Amino acid sequence: MAHLHITSWVIAFILLAIVVSLSRKGNAKGAKITHMILRVDYLLILYSGGNLFASYSTYGPLVIIKVLAGLWAIASIEMIAIKTTKKQPAGIWWIQFVIAVVLALILGFGYLPMGILPA
Ligand code: HEM
């Protein structure tokens, strides 16, 4: 499940980069289609993250913060995609994206027990 989780958020980062690059090149249709695929990928992140969460027997504060950071990262990705395709400034969402992802990576890989890297 950790492999699916990691794969699905790596795919989300790649798809977001494609959405941003296509909209900057003026390819609105390509950006829209990629954005739709990105939204399907959110489901994979949520499913695999939800599954990892469900395998906990006790829920300490760190895993709760990890889940919130993951949800925050998805919200930022979606807002960046929306703002960029609408040609509106997305800087504030990029900042939130970096904070949320760094938090999720540190907690997920560094402090929490499940997954492929031993904490
Ligand atoms: C872009 C968004 C996300 C990123 C970058 C991310 C990152 C990570 C990382 C790096 C790990 C550790 C994997 C490992 O050790 O092998 C992890 C595990 C986990 N993630 Fe996420 N995640 C994201 C979204 C989510 C979401 C939305 C949820 C909740 C629905 C979630 C819930 C979890 C849980 C419960 C774990 C297991 C923690 C553990 O014990 O290691 N994640 N995530």
Side-chain angles (χ1 to χ4, degrees):
M1 202 40 74
H3 285 100
L4 178 63
H5 193 57
I6 295 170
T7 308
S8 51
W9 54 252
V10 169
I11 290 175
F13 296 168
I14 296 168
L15 290 173
L16 176 65
I18 297 174
V19 171
V20 170
S21 135
L22 288 177
S23 349
R24 283 186 185 155
K25 283 182 192 146
N27 185 345
K29 193 174 179 199
K32 191 173 183 177
I33 292 169
T34 316
H35 191 177
M36 276 154 58
I37 304 169
L38 174 62
R39 284 175 171 152
V40 176
D41 185 58
Y42 298 154
L43 299 179
L44 278 183
I45 304 177
L46 289 167
Y47 167 74
S48 55
N51 233 292
L52 285 163
F53 188 66
S55 46
Y56 273 79
S57 48
T58 52
Y59 296 94
L62 282 189
V63 70
I64 305 288
I65 300 173
K66 164 70 193 63
V67 167
L68 293 177
L71 294 172
W72 188 20
I74 295 182
S76 316
I77 291 173
E78 177 62 13
M79 289 310 295
I80 293 168
I82 290 175
K83 293 285 178 190
T84 324
T85 46
K86 286 185 175 171
K87 310 268 177 232
Q88 291 169 0
I92 190 73
W93 292 105
W94 278 110
I95 294 169
Q96 295 185 56
F97 169 71
V98 171
I99 297 171
V101 169
V102 167
L103 200 57
L105 291 178
I106 292 174
L107 289 174
F109 281 139
Y111 290 94
L112 289 165
M114 235 85 76
I116 52 165
L117 293 183

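Only a predicted model underlies this, so the values are computations on that prediction, with no experimental measurement involved. As the structure lists them, so they are numbered: ligands from 1, and atoms in each ligand from 1. Keep in mind that the numbers below use all heavy atoms, side chains included, and drop hydrogens, waters and symmetry copies.
- Here the straight-line distance linking atom CG of Leu112 with atom CD1 of Ile65 works out to 9.5 Å at 0.5 Å rounding.
- The aromatic rings of Trp94 and Phe97 lie perpendicular to each other, with more than 60° between the two planes, well past the 30° mark.
- Taking a cut-off of under 4.0 Å to the non-hydrogen atoms of Ile74, the atoms of ligand 1 that pass are 27 (C).
- Counting heavy atoms under 4.0 Å from ligand 1, residue Pro113 touches it through both backbone and side chain.
- Backbone and side-chain nitrogen or oxygen atoms of Met114 are examined, and one is located within less than 3.5 angstrom of a nitrogen or oxygen of ligand 1.
- Remark: at atom 21 (Fe) of ligand 1, atom NE2 from His5 and atom NZ from Lys66 enclose 170°, rounded to the nearest 10 degrees.
- Residues Val102 and Ile95 are members of separate hydrophobic clusters, defined by side-chain heavy-atom contacts under 4.5 angstrom among Ile, Leu, Val, Met, Phe, Trp and Tyr.
- Atom numbering of ligand 1 starts at 1 in the shown order; those under 4.0 Å from a heavy atom of Leu105 are 10 (C).
- Short contacts between ligand 1 and Leu71, defined as distances under 4.0 Å to a heavy atom of the residue, involve ligand atoms 27 (C).
- Between Gln88 and Ile82, the closest side-chain pair of non-hydrogen atoms is not below 4.5 Å.
- Within ligand 1, counting atoms from 1 as listed, the ones closer than 4.0 Å to a heavy atom of Ala73 are 1 (C), 2 (C).
- Heavy atoms from other residues, nucleotides or ligands lying under 6.0 Å from OH of Tyr47 number 12 at most.
- Below 30°, between 30° and 60°, or above 60°: for Phe53 and Tyr59 the angle between ring planes is between 30° and 60°, a tilted geometry.
- Between Ile64, Leu52, Leu107, it is Leu52 that holds the heavy atom closest to atom 34 (C) of ligand 1.
- Close contacts between ligand 1 and Ile6 involve ligand atoms 16 (O) [criterion: under 4.0 Å to a heavy atom].
- Residue His5 is tested with Asn51, Ile45, Val10 for a side-chain contact (heavy atoms from CB on, under 4.5 Å); the sole match is Ile45.
- For ligand 1 and Phe53, the ligand atoms under 4.0 Å from any heavy atom of the residue are 35 (C).
- Of all atoms in ligand 1, numbered sequentially from 1 with element shown, those under 4.0 Å from a heavy atom of Tyr56 are 38 (C), 39 (C), 40 (O).
- Set against the non-hydrogen atoms of Gly108, the atoms of ligand 1 under 4.0 Å away are 9 (C), 11 (C), 12 (C), 15 (O), 41 (O).
- Using a 4.0 Å cut-off between heavy atoms, Trp9 contacts ligand 1 through its side chain alone, with no backbone atom that close.
- Residues Val40 and Leu44 have side chains not in contact (no heavy-atom distance under 4.5 Å, counting atoms from C-beta outward).
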What side-chain donor-acceptor pairs closer than 3.5 Å can you find for residues 12-33, not counting sequence neighbours?
| unit_1 | atom_1 | unit_2 | atom_2 | d |
| --- | --- | --- | --- | --- |
| Ser23 | OG | Val19 | O | 2.6 |
| Asn27 | OD1 | Gly30 | N | 2.8 |

